[in-house]
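Numbering of residues begins at 1 and proceeds along the displayed sequence.
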Amino acid sequence: MDIQTRIHQKFTEKFGGRGSVFASAGRINLIGEHTDYNGGYVFPGAIDKGIVTEIRLNGTERVNLYSADYDACVSFGLEEPDKPAEAWACYVFGVCRETIKRGGKVAGFDAVFAGDVPLGAGLSSSAALESCFAFAINELNHNGIDRFELARIGQSTEHNYCGVKCGIMDQFASCFGKAGCLIRLNCKTLEHKYFPFDPSAHGYRLVLVDSCVKHELASSAYNKRRLSCENAIAAIRKNHPEAGTLSDCKRLWLEEVRGEIPEEDFLRAEYVIGEVQRVLDVCDALERDDFETAGEMMYQTHFGLSKLYEVSCEELDFLNKLARRMDVTGSRVMGGGFGGCTINLVREELYQPFVDAAKSRFEAKFGHAPKIYDVVISDGARQIA
């Protein structure tokens, strides 16, 4: 049974009749990790896994929300004190509140939703949920909010209702995703450009290898790294007040303050400055259909994330080293780190040997097999029925 049919059956059971159906996508990021909150470039794309909701206005000022995945129903009002206790429902509540703050109308509604984004894999199921409901609420209430602001609504939901000070990349990819294209996004200006991306036409496949681990220090370590970046840019601005974010900085400017900041802060900033340039290099390479250069940049990113930014872990380093030994074109940790997936650019003839080896060797070392997800670059937020 496909996800849309499953949702409709639940909608009929819970609320009767039929609603409108909307969907939004999870995302991958080919390169450009931890650059979004530093005002740099990222290179994401929406994928063929996401969140689907069937939704209908109910003529009241209350939201009745059913999660088919959690098999749980929540009802809440639309004022600030009405925030639900359930963490999953706070994403939808936050979208409602952030829409209202921007002058948008939010009438009460009934909705059933479900997703097929693997949780904990770094594919941004939360951004898919936020973008799906931001788009649906905007359409049903005829608010006319553009996609840029819908992405900001999702980001503000994370900041103000879910406690995550994320950048804009995930929500932007979910709102602006286009089938067959990656998006080079300047996270400071939101200037963006679509790049056609069809690895299969050139004999490659994009595959995620999910370690199925998530280490507990991830959220606190994330905040600590943001602070390191803020410390580094504050020191650089003393000499170069024109520097707004680390993405504006030259490597030489960072060297000038090496003795003034902790070595840890220096290493974090060194990674970010290098990563911003790697995004541009990969975009240039793909315009020449040079997948080998793009893949080598991915390996450089993994090295930086592991040794300079220190957000990898034993499991992810193992998968990356295995990919290198097997002559996989490109491989790196994707997402915040400390678990989740590696993203791998694999020549077609190496795909099955690599997948088989990743499963068997990882299980032999860590006691469980990784999960494998093939990636199809797809459309973002949209109405489908």
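- Here V376 sits alone; no ILVMFWY side chain lies under 4.5 Å from its own, so it joins no hydrophobic cluster.
- Applying the salt bridge (charged side-chain N to carboxylate O under 4.0 Å, His left out) criterion to E86, with sequence neighbours excluded, gives no partner residue.
- Among V257, N231, L254, L227, the single residue meeting the side chain to side chain contact (heavy atoms under 4.5 Å, CB included) criterion with D265 is N231.
- A salt bridge is defined here as a Lys NZ or Arg NE, NH1 or NH2 lying under 4.0 Å from an Asp or Glu carboxylate O, and D69 with R6 meets this definition.
- With sequence neighbours left out, the salt bridge (charged side-chain N to carboxylate O under 4.0 Å, His left out) criterion links E310 to R268.
- The side chain to side chain donor-acceptor pair (under 3.5 Å) search around N143 returns none, not counting sequence neighbours.
- Salt-bridge formation is not detected for the pair K359/E363: no Lys NZ or Arg NE/NH1/NH2 atom is positioned less than 4.0 Å from an Asp or Glu carboxylate oxygen.
- In summary, E33 and R332 engage in a salt bridge, as defined by a charged side-chain N under 4.0 Å from a carboxylate O.
- With contacts defined as side-chain heavy-atom distances shorter than 4.5 Å, the pair K365/E314 qualifies.
- The shortest side-chain heavy-atom distance between S156 and R102 falls under the 4.5 Å cut-off.
- Between H34 and Y271, the distance separating the two ring centers is not shorter than 6.0 angstrom.
- Using a 4.0 Å cut-off between charged side-chain N and carboxylate O, D374 and R205 make a salt bridge.
- Between F366 and F318, the two ring planes are perpendicular [angle over 60°; tilted spans 30° to 60°].
- Side chains of E98 and N160 form a contact here, defined as non-hydrogen atoms less than 4.5 Å apart.
- Atom CD of E255 has more than 12 neighbouring heavy atoms from other residues, nucleotides or ligands inside a 6.0 Å radius.
- A salt bridge is defined here as a Lys NZ or Arg NE, NH1 or NH2 lying under 4.0 Å from an Asp or Glu carboxylate O, and K193 with E287 meets this definition.
- Proximity of T293 to D281: side-chain heavy atoms (C-beta onward) are nowhere separated by under 4.5 Å.
- Ion pairing between a basic and an acidic side chain is recognised when a charged N comes within 4.0 Å of a carboxylate O; E263 and R258 show such pairing.
- Using a 4.0 Å cut-off between a side-chain N of Lys or Arg and a carboxylate O of Asp or Glu, K188 and D248 qualify as a salt bridge.
- Between M334 and T342, the closest side-chain pair of non-hydrogen atoms is not below 4.5 Å.
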**Study point:** side chain to side chain contact (heavy atoms under 4.5 Å, CB included) assessment of I343 paired with S331
**Key:** CA-CA 6 Å; I343 182 170; S331 177; over 6 Å; no
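- The shortest non-hydrogen separation linking D48 to D116 is O-OD2, 4.3 Å.
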Exercise for review: Evaluate the criterion ring-ring contact (aromatic ring centres under 6.0 Å, His included) for residue pair F133 and F113; output intermediate values, then yes/no.
Suggested key: CA-CA 10 Å; F133 275 90; F113 74 92; 5.8 Å; yes
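- Under the 30°/60° scheme for interplanar angles, the aromatic rings of W253 and H240 are found to lie parallel.
- The ring-ring contact (aromatic ring centres under 6.0 Å, His included) test applied to F15 returns F11, not counting sequence neighbours.
- Heavy atoms of other residues, nucleotides or ligands lying less than 6.0 angstrom from CZ of R18 number 12 at most.
- Residues satisfying the ring-ring contact (aromatic ring centres under 6.0 Å, His included) test with F291, not counting sequence neighbours, are H202, Y204.
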Exercise for review: Mind running side chain to side chain contact (heavy atoms under 4.5 Å, CB included) on L129 and V117 for me, showing each step along the way?
Suggested key: CA-CA 10 Å; L129 177 59; V117 188; over 6 Å; no
